[in-house]
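In what follows, chains are A, B, ... by sequence order, proteins preceding strands, each numbered from 1. In this text, all values refer to a predicted model and were calculated from it rather than measured experimentally.
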2 protein chains.
Amino acid sequence: MEDIAAMAGVALVTVSRVLNTPERVAPATRKKVEDAIRRTGYVQNLTAGALAGSRSRIVAAVVPTIANSIFADTVQGLTETLEAAGYAILLGQTTYDATREESLVRAMLGRRPDALMLVGAPLSAGTRRLLKAAGIPVVETWDMVERPIDHVVGFSNFAAGRLVAEHLIARGRRRLRGLGGDEARSRARLAGFAAGIAAAGLEPQPAVVLASPGSATTGRDAMRALIDQGLPDDALFFTSDIIAIGALLECQRRAIAVPGRLAIAGLGDLELAAQMVPPLTTVRISGRAIGKAAAEQLLSAMAGTPSARRRIDLGVELVVRETT
Amino acid sequence: MEDIAAMAGVALVTVSRVLNTPERVAPATRKKVEDAIRRTGYVQNLTAGALAGSRSRIVAAVVPTIANSIFADTVQGLTETLEAAGYAILLGQTTYDATREESLVRAMLGRRPDALMLVGAPLSAGTRRLLKAAGIPVVETWDMVERPIDHVVGFSNFAAGRLVAEHLIARGRRRLRGLGGDEARSRARLAGFAAGIAAAGLEPQPAVVLASPGSATTGRDAMRALIDQGLPDDALFFTSDIIAIGALLECQRRAIAVPGRLAIAGLGDLELAAQMVPPLTTVRISGRAIGKAAAEQLLSAMAGTPSARRRIDLGVELVVRETT
DNA sequence: TTGAAAGCGCTAACAG
DNA sequence: CTGTTAGCGCTTTCAA
């Protein structure tokens, strides 16, 4: 920066101003500086800026996993909005592991991000403490956490599960089973599903707990196991579309009529859900919209705007297609 | 850090040592410092450390997009290896836009990452210049770029396309068409496919250029258009599995026998490819392995190890299933 | 509108 | 093994 200043015949501060608040520099002066920057290919050191200014313009994003997953959409939505505002994204993956989450969050906080986004609630009390102590805006996403640290953007996983149960029962199904991964959001969906069944005076079939994150193979295997047991159900709710798709394909392979013999519903509304044969009934959730809303929350919190709404419930919409 | 030092009755540097090189501090001293850190919940400021030590322990990852995409696997692979070594990941998405790429890379470089990973070659000469001037290890991935900036980890997209053509021809197909997105890697795959056809003395059907990134819907629409033209082909190669899957589902819907009437091949070997009915023939590519290898390249380059191999070709493997 | 001075919170280099 | 000294490259006052 000193070199640029010398080259432009101004003081170092002026270069800093051209970079940060160009409107406060006289056009002629500005031009001299900009020319020098262009000639040299100078790239400002934002690390030094972060230290001096105590604003890093970095936002941390903590997700369970990004591979083959819906959370990638949330990161995408978050990035789009935040990058436009000059923020960079620091990405971390917990793989649903509480210990890992805590050390990851600690490492991220060491980078002094201006804000942080988390999928779900923290997995451990330690992480929660770290986050509270960090004193930066935090947004939890993908679930309307009861007692959030700061902001929440999501929907009720319980309500989503219940919605599916009600739909299946209205369609005349009586032997309903839920299947889902071994993590908080899946369990909430399953609980809502069971509640919906109970509310109709029916008895739910025992839920099946699968590995997280689920995949098409997980769905296929679960379906096979059920078929081997004689398929005692007439409707299945998978807590994620990709698992439901795997199960649906297995039904096709084994010539089990869907929805004739068995109804299948998923959750997420993957682009592929609508393309399946038959198209999959599911609950629509826009991971990208969640990311975008989270970014907006964070942006206004960083701007110091006392945001009226700390809780944003994006709601949940049943998309009835042909598998039910 | 000064507070911790005072509390532990040592000098500030000693605290720094406990945090960075604990083996160089006497166990008793170390314990006093660690206790003080635990009591206060102190989180080291790595930004200041980066400025003072000129090592940020940040690696930048620049991908076209992470949503619904294979590149998420690469980021995953990269992260796993790098996080274990104490690095954080700064994520950026170009959406295949050269202008965006350049401003993104500039912003990332301002954060002084210790290394950078790029999917493919830079989209513009400006980006390339920035990267060269940055003086940090750079790894280009997903394609064996001819003249890389520094390191490359990938496979030959041309060879992959050619492999598919040879397979289809060996299976007796004669009217082969390639379909793929409008970006460099897709085009290379299509070029290889065309070359394979020409080498057999056949005439390729005109390739179809689709939007990037492709989706199942893209595949369905492309398939519909072809059917409406009377489906002049007996084999189709889609440059990505998800597009091929969309096309395959459309064939099922329109009762076009696969592979009887039409052979279909994809590329990528998505987990879902093997689950399709019939299972999809494809070219296996592990995005995660690419990320992992890239991380290892970067790690050894940052360690100053004069890495013997600057080019790692992970090769390409045809997975013959039932759609061909 | 521009500039001079004083740090931001650490690590590197050197000494003891 | 521990401590002292001197910055890292910026932004933030404050003054002119």
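Atom P of nucleotide dA13(C) and atom CG of Asn20(B) are separated by 14 Å, given to the nearest angstrom. A straight line from CZ of Arg111(A) to P of dG9(C) spans 18 Å, rounded to a whole angstrom. Rounded to whole angstrom, the span from the CG atom of Leu12(A) across to the C1' atom of dG3(C) amounts to 10 Å. Here dT11(C) presents its C1' atom at 10 Å from CG of Leu51(B), a figure rounded to the nearest Å. One atom, NZ of Lys32(A), and another, P of dT1(C), lie 15 Å apart when rounded to the nearest Å. As a whole-Å value, the separation of Asn45(B) CG from dG9(C) P is 7 Å. Residue Leu46(B) contributes atom CG, which lies 8 Å from atom P of dT11(C) at whole-angstrom precision. The distance from atom CZ of Arg17(B) to atom P of dT11(C) is 11 Å, rounded to the nearest whole Å.
When the nearest nucleotides of DNA chain D are assigned to Ala28(B) and Gly53(B) by heavy-atom distance, the more 5′-ward of the two goes with Ala28(B).
Of all nucleotides listed (dT11(C), dT2(C), dC8(C)), dC8(C) comes nearest to the side chain of Ala52(A).
The backbone N or O of Gly154(B) sits nowhere less than 3.5 Å from a side-chain atom of Thr141(B) that would complete a donor-acceptor pair.
Taking side-chain N and O atoms only, Tyr42(B) has no distance below 4.0 Å to OP1 or OP2 of dG9(C).
Protein chain B contacts DNA chain D from dC1(D) to dG9(D), reading 5' to 3' and using non-hydrogen atoms of the protein with a distance under 4.0 Å.
Gln44(A) has its side chain within reach of Asn20(A): a pair of non-hydrogen atoms, C-beta onward, lies under 4.5 Å apart.
At a threshold of 4.0 Å, the pair Lys31(A)-Asp35(A) counts as salt-bridged, since one of the basic side-chain nitrogens sits closer than that to a carboxylate oxygen.
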